[in-house]
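Have a look at the structure below, then the notes.
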Amino acid sequence: MYDRLKGFRDFYPEEMAARREVIDTVETACRRYGFRETASPHLERAEMWTDKAGEGIVEELYAFGDRSDRHVTLTPELTPTAARMVAAKQQELSKPIKWFSTRPFWRYEQVQQGRFREFYQTNIDIFGSSDPRADAEVIALGAELLTDLGLDGDDFEFRVSHRDILGSVLRSFDVDIDVRDAIRAVDKSEKIDTAEYHDLLADAGLSYDQAAEFDDLITATTRDSLDDLAEFAGSDDAHAAVENLTAVLDAVDRFGASDHCELSLETARGFDYYTGVVFECFDSTGEVSRSVFGGGRYDDLIESFGGEPTPAVGFAPGYATLPLLLQRAGVYPDEAVATDYYVLQVGDTEREAAELTRELREREYVVETDVSGRSFGAQLGYADSINAETVVIVGEQDLADDQYTLRDMETGEQRTVSVDEFPPESGGPADDA
RNA sequence: UCCGAGCUGGGGUAGUGGCAUCCUAUCACCCUGUGGCGGUGAUGACACGGGUUCAAUUCCCGUGCUCGGACCCA
């Protein structure tokens with residue numbers, strides 16, 4: 001027996017059935033919004049990451065030399081690949097480019113709850129529009145796919161913020177503030193106590209009085225008082241950022257998703273590359289302690305990977321943390337396989353059973369029949385184990401009367417049907433059992 | 001990388017310095033006509049390495065893995 005690699009997981013049919021349903025729900029929502037599916041290599045040139053020196057992600061690459069000594073790596077994220085795809089067909093792609101892609105990614109990092117070394121995400125992005133309505137469409141989709149999964153507004157908080165608002169307010173205190181460090185501090189503020197938070201802000205260049213004032217300001221700001229915050233900051237940047245965020249929130253309203261979104265300037269996202277709107281989904285109860293997923297606008301990133309300057313906004317729900325929220329809320333799908341019919345053979349009825357099985361399968365039902373030569377009782381036990389809704393008993397006694405016996409596995413009730421009348425010509429799996 | 005807890009058949013467990021228990025699951029048979037809910041049987045475990053000991057699954061050390069947390073989070 002070989003062990004699995006640490007941080008890598010197997011998914012057995014029952015677990016996979018639930019995952020499949022979640023992924024399908026997410027992807028179906030994407031398709032309704034007109035996002036188109038893409039696929040891309042899971043192995044890329046390692047230089048796509050190592051050329052950008054000083055990035056922490058380089059430490060986490062599954063990188064190696066291939067047989068021709070190319071320096072390659074399993075992909076830790078989609079962005080550089082997406083940037084390449086956009087750059088390669090920059091001219092011919094109609095804008096905006098709206099893509100989604102569900103894929104595994106790999107990072108050699110410490111395994112803990114909701115974090116693995118191989119993990120699956122659906123990346124959802126719009127490239128080529130800097131209009132607030134693009135941000136809003138992405139946010140609306142993010143909120144909608146959560147409700148599609150069975151969550152309601154009480155289950156999650158969709159917190160929306162704006163990097164440039166934080167940055168311009170910080171700079172209004174002192175132009176020499178390390179905005180990047182200060183924003184990281186904001187991102188951590190919820191996990192640490194106030195004193196620590198203010199210490200971090202002080203490290204970034206604020207005085208303790210300024211740190212306290214900044215803390216109060218961004219905590220107290222509501223949608224209606226955003227303009228006051230811009231006045232306080234007093235810069236064109238601040239006014240532009242507030243105007244942008246307001247426009248995004250208004251557009252979110254028009255997309256009908258505002259009930260699930262709230263302004264929360266304390267939300268910042270830990271990543272440096274965000275340039276505008278950022279948002280993050282949290283468990284309302286706090287039981288799932290980490291962010292479920294997040295996203296935002298990253299207008300400079302495509303260019304930094306060698307593409308043309310291309311505005312971009314997107315997010316990536318991951319199937320490590322999302323199930324934690326769904327389970328907490330009690331809406332994670334059943335982990336069970338489903339079967340419409342089991343065709344049970346009794347005596348020498350293999351030919352008739354095979355034909356009936358084929359007819360049912362032609363009607364797109366999920367159908368199994370005996371492939372092990374088992375006894376009646378053993379076949380019924382197996383049918384139970386695969387959650388067969390209906391067992392069709394094809395026995396010599398039944399066939400002698402030109403009929404089958406249908407057993408409803410839920411109720412145990414049985415009835416006979418004429419061989420000529422089953423299966424019916426039309427009707428879905430739910431209608432004719 | 002660090003901290004904490006843990007590791008006994010596939011899953012869940014009992015237990016012990018000397019015979020490893022039970023439940024469940026799986027498979028077969030009873031059984032060519034009734035599963036989830038009968039009977040019989042079979043398969044199958046002390047994470048790995050080293051140490052102490054006459055003897056280690058048990059005690060000690062190390063490693064691995066699992067779970068939780070810290071750090072990190074292009």
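Naming: A, B, ... by sequence-line order, numbering from 1 per chain. Just so it is clear, the model here is predicted, and its values are computed rather than measured.
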Quick one: list whatever passes ring pair (Phe, Tyr, Trp, His ring centres under 6.0 Å) with [X], sequence neighbours left out.
| X | value |
| --- | --- |
| A:Phe156 | A:His260 |
| A:Tyr62 | A:Phe8, A:Tyr108 |
| A:His198 | none |

Return the value, rounded to whole Å, for the distance between atom [atom1] of [X] and atom [atom2] of [N].
| X | N | atom1 | atom2 | answer |
| --- | --- | --- | --- | --- |
| A:Glu59 | B:C73 | CD | P | 12 Å |
| A:Ile386 | B:A25 | CD1 | P | 17 Å |
| A:Phe376 | B:U34 | CZ | P | 6 Å |
| A:Asp370 | B:U32 | CG | P | 13 Å |

Exercise. With sequence neighbours left out, what residues match A:Ala29 under side chain to side chain contact (heavy atoms under 4.5 Å, CB included)?
Worked result: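 Once residues adjacent in sequence are excluded, the partners of A:Ala29 under the side chain to side chain contact (heavy atoms under 4.5 Å, CB included) criterion are A:Arg32, A:Leu141, A:Leu145, A:Asp148.
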For this session: Check side chain to side chain contact (heavy atoms under 4.5 Å, CB included) between A:Ser94 and all other residues, then give those that pass, not counting sequence neighbours.
Result: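 Per chain and number, A:Ser94 pairs via side chain to side chain contact (heavy atoms under 4.5 Å, CB included) with no residue.
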Exercise. Going by number, which of residues 345-361 of chain A have a non-hydrogen atom under 4.0 Å from RNA chain B?
Worked result: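 RNA chain B contact set from residues 345-361 of chain A: A:Val346, A:Gly347.
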Exercise. Residues from residues 107-129 of chain A sitting under 4.0 Å of RNA chain B, heavy atoms only?
Worked result: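 Residues of residues 107-129 of chain A under 4.0 Å from RNA chain B: A:Arg107, A:Gln110, A:Gln112, A:Gln113, A:Arg115.
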Exercise. What nucleotide, of B:U32, B:U34, B:G35, holds the atom closest to the side chain of A:Glu396?
Worked result: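 My answer, after comparing the listed nucleotides, is B:U32.
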Exercise. Hey, does the side chain of A:Lys188 come within less than 4.0 Å of B:C72's phosphate (OP1/OP2), counting only N and O?
Worked result: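 It does, given that an N or O in the side chain of A:Lys188 lies less than 4.0 Å from OP1 or OP2 of B:C72.
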Exercise. Should A:Lys6 be listed as having a side-chain N or O under 4.0 Å from OP1 or OP2 of B:G64?
Worked result: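 Checking A:Lys6 against B:G64: no side-chain N or O falls below 4.0 Å of OP1 or OP2.
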Exercise. Under the side chain to side chain donor-acceptor pair (under 3.5 Å) test, which residues partner A:Trp99, sequence neighbours left out?
Worked result: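 Partners of A:Trp99 by the side chain to side chain donor-acceptor pair (under 3.5 Å) criterion come out as none, since no residue qualifies.
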Problem set entry | Counterpart residues, side chain to side chain donor-acceptor pair (under 3.5 Å), relative to A:Arg84 (two or more places apart) |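 With neighbours one apart ignored, the set is A:Glu44.
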Exercise. For RNA chain B, what is the dot-bracket line, given that a base pair needs Watson-Crick (N1 to N3, plus N6-O4 or O6-N4) or G-U wobble (N1-O2 and O6-N3) geometry with both distances under 3.5 Å, and | means paired with another strand?
Worked result: (((((((..(((.....[...))).(((((.......)))))....(((((..]....))))))))))))....
Donor-acceptor pairs are to be reported for all side-chain atoms of residues 306-325 of chain A against protein atoms at under 3.5 Å, with residues two or more places apart or in another chain.
from: A:Thr310; atom 1: OG1; to: A:Gln90; atom 2: NE2; distance (Å): 3.4
from: A:Thr310; atom 1: OG1; to: A:Glu308; atom 2: O; distance (Å): 2.8
from: A:Tyr319; atom 1: OH; to: A:Thr122; atom 2: OG1; distance (Å): 2.6
from: A:Thr321; atom 1: OG1; to: A:Val292; atom 2: O; distance (Å): 2.6

Exercise. Do A:Ser189 and A:Glu266 get their side chains close enough for a donor-acceptor pair, meaning under 3.5 Å?
Worked result: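 Distance-only check fails for A:Ser189 and A:Glu266.
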Exercise. Can you check whether A:Glu287's main-chain N or O pairs, donor with acceptor, with A:Thr285's side chain at less than 3.5 Å?
Worked result: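 Yes, A:Thr285 side chain to A:Glu287 backbone: donor-acceptor pair under 3.5 Å.
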Problem set entry | Whole-angstrom distance between B:C37 and B:U24, as gauged at atom P |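 10 Å, rounded to whole Å.
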Exercise. Taking for each residue the nucleotide of RNA chain B bearing the nearest heavy atom, is the 5' side occupied by A:Phe8 or by A:Glu77?
Worked result: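 Comparing both residues, the 5'-ward one is A:Phe8.
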Exercise. What residues form a salt bridge (charged side-chain N to carboxylate O under 4.0 Å, His left out) with A:Glu157, not counting sequence neighbours?
Worked result: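 A:Arg159.
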